[in-house]
Amino acid sequence: MKNIHNHPNYWAFIMHRLSGLALAAFLPVHLYVLGLALADSSAFDDFISWSNTPLLKFLETGLVVFLSAHLTGGVRLLALEFLEWRDWQNSMVALSCGISICAGLVFFLNAT
Amino acid sequence: MSASALRIETYLWLAQRVSALILVICITVHIATMIIAVQGGLSSEEIIARIGGSKIWLSFYLVFVSSVAVHAPIGLKSIMREMSQIPTNRIDLLSILFSLIIGVLGIRAAFGLYGLGGA
Amino acid sequence: MSNDLINVSIWRGGEDGEYQTYQVPRLESQTVLDVVTYIQRELDPSLSYRFACRVGVCGSCAMTVNGKARWTCRTHVSKVAEGGQLTLDPLNSMPRVKDLVVDMETFFNKWADAKGSFKGDKTRDDALAYISPDDPKRKISSAGIECIGCGACYATCDVIKWNPDYLGPAALNRAWTLVNDERDVTGLERLAAVAGDNGCLGCHSQQGCVERCPKSLNPTGAIAGLKRETIKAVLKGELS
Ligand code: SF4
Ligand code: SF4
Ligand code: FES
């Protein structure tokens, strides 16, 4: 069992599933808290300054990485499924990885 | 398998891909604004000035939220079917519920942001 | 090198069983199938396994070799024996019969379920169909036609472990070669057979099958082709 899974497309699949699950878990919370804060504008200010704390920045960076990983991994899947098969499609795993890490970095550097 | 079950499975599969395509655009915009907005720390005035009262942003977020409400539950359905013992009809129910939660909360938040403009 | 020994652990029994260990002399250009055959002939005649052609044509010798599904007649020991150790199991996702032999009935039934056999409408009196070697559909079909039915892809696919009704990479790959065969008349009946979550839509493009296919076929690509064709058919209302 240990090694039938050790290939890039499998890791891409796991990443897609994990990031998807994480986003699905985060999203209702995100929308709920945002909605609450919006109902009252001083609460909105508190919410924004709370989200500026370092721990939150760190967590947000994680989310940006997950979001962009799910995005780029998803583009990769769409290409696999809808375009004629080409060999370059396998290098999309690396590309998708790279783009998500970059997005996270840019966000993090901008945020601090 | 009955033809109608096949059709439903196919339409759900397709709905997930089509919503994915829309989300590609929405999320790119979302990440870009996040990166820009977070520069020098988030401020509520900045966000309100950008989004509040803007019909364009309102429609953007409505499209965004509805696509997520289609996309995410279908993915969760597949994960639950493959990796859990939950019976199929319960899975379908949970997915629909999840879709509704995202839809309602999302629409509320989108209109909340819009309303901040005071317009 | 020829004085070395390989340590071979082999699954003995059916669903319940245990590993038994044998020492086999290392030879040059030795295949995993050679090792198994040596054990059965020289050490333990009660060992059960399958093979026929010994040259990668029949598809009967696939086993799990150090964790990965492989055709054993064309797998050299030198390529896979990590530190002189070989661990042999029957293929995954198929009921175990005895030792290295699995029951492949479901695997082959799924080929039939996927309408994996050719059906034409010509007789011996008709002229041969002329299809140019450059014809795009013929090329697609040819790309997948060399499947030997070894089951290595099927044994690797996660979706089958999660959903035992999933048709699997080999049957779907076969269906795709026939969808692109202009002489075949099964048409929509086949597309209906391979549609839906138990068919092509169940595949997550993980490509374990592509990794493991000894014939270097691309079932994932074939399945993506089926996805596009079945969706077109459903949208046109042809599969109802
Ligand atoms: S690509 Fe599809 S058929 Fe191949 S192993 Fe993965 S899920 Fe199975
Ligand atoms: S597609 Fe490849 S791995 Fe699968 S049965 Fe055919 S030859 Fe074997
Ligand atoms: S024995 Fe025929 S393929 Fe290996």
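Lettering of chains follows the sequences in order, A, B, ..., and the numbering in each one begins at 1.
Residue B:R17 touches chain A through both its backbone and its side chain, counting heavy-atom pairs closer than 4.5 Å. Residue A:F47 does not touch chain B at all, counting heavy-atom pairs closer than 4.5 Å. At a 4.5 Å heavy-atom cutoff, the contact between B:L76 and chain A is made by side-chain atoms alone. With a 4.5 Å cut-off on non-hydrogen atoms, A:N52 touches chain B through its side chain but not through its backbone. With a threshold of 4.5 angstrom between heavy atoms, B:V68 approaches chain A through side-chain atoms but not through N, CA, C or O. For B:I79, the parts lying under 4.5 angstrom from a heavy atom of chain A are both the backbone and the side chain. Only the side chain of B:E82 has a heavy atom closer than 4.5 Å to any heavy atom of chain A.
Shown here for A:L38 and B:A109, the closest heavy-atom pair between the two residues is CD1-O, 3.3 Å. Of all the heavy atoms in B:A20 and A:L78, the pair that sits closest is CB-CD1, 4.2 Å.
Rounded to the nearest 0.5 Å, atoms CE (B:M34) and CD (A:E60) are 8.5 Å apart. The structure places NE2 of A:H30 at 11.0 Å from CG of B:L105, a figure rounded to the nearest 0.5 Å. For the atom pair CG of A:L67 and OG1 of B:T28, the computed distance is 9.0 Å after rounding to the nearest 0.5 Å. Here the CG-CD1 distance, from A:L31 to B:I101, works out to 11.0 Å after rounding to the nearest 0.5 Å. With rounding to the nearest 0.5 Å, the separation of OG in A:S68 from CD1 in B:I35 is 8.0 Å. Note: B:F98 CZ to A:L27 CG = 6.5 Å, rounded to the nearest 0.5 Å.
Ring geometry, A:H70 versus B:H71: the interplanar angle exceeds 60°, so the pair is classed perpendicular (tilted spans 30 to 60°).
For the options A:L71, A:V64, A:T72, heavy-atom pairs under 4.5 Å to chain B are most numerous at A:L71.
Residue B:R90 qualifies as open at atom CZ: its count of foreign heavy atoms under 6.0 Å is 12 or below. For A:Y32, the OH atom is loosely surrounded, since the number of other residues' heavy atoms within 6.0 Å does not exceed 12. Within a 6.0 Å sphere centred on CZ of A:F58, heavy atoms belonging to other residues, nucleotides or ligands number 12 at most.
By the 4.5 Å heavy-atom criterion applied to side chains, B:I47 and A:F44 are counted as neighbours.
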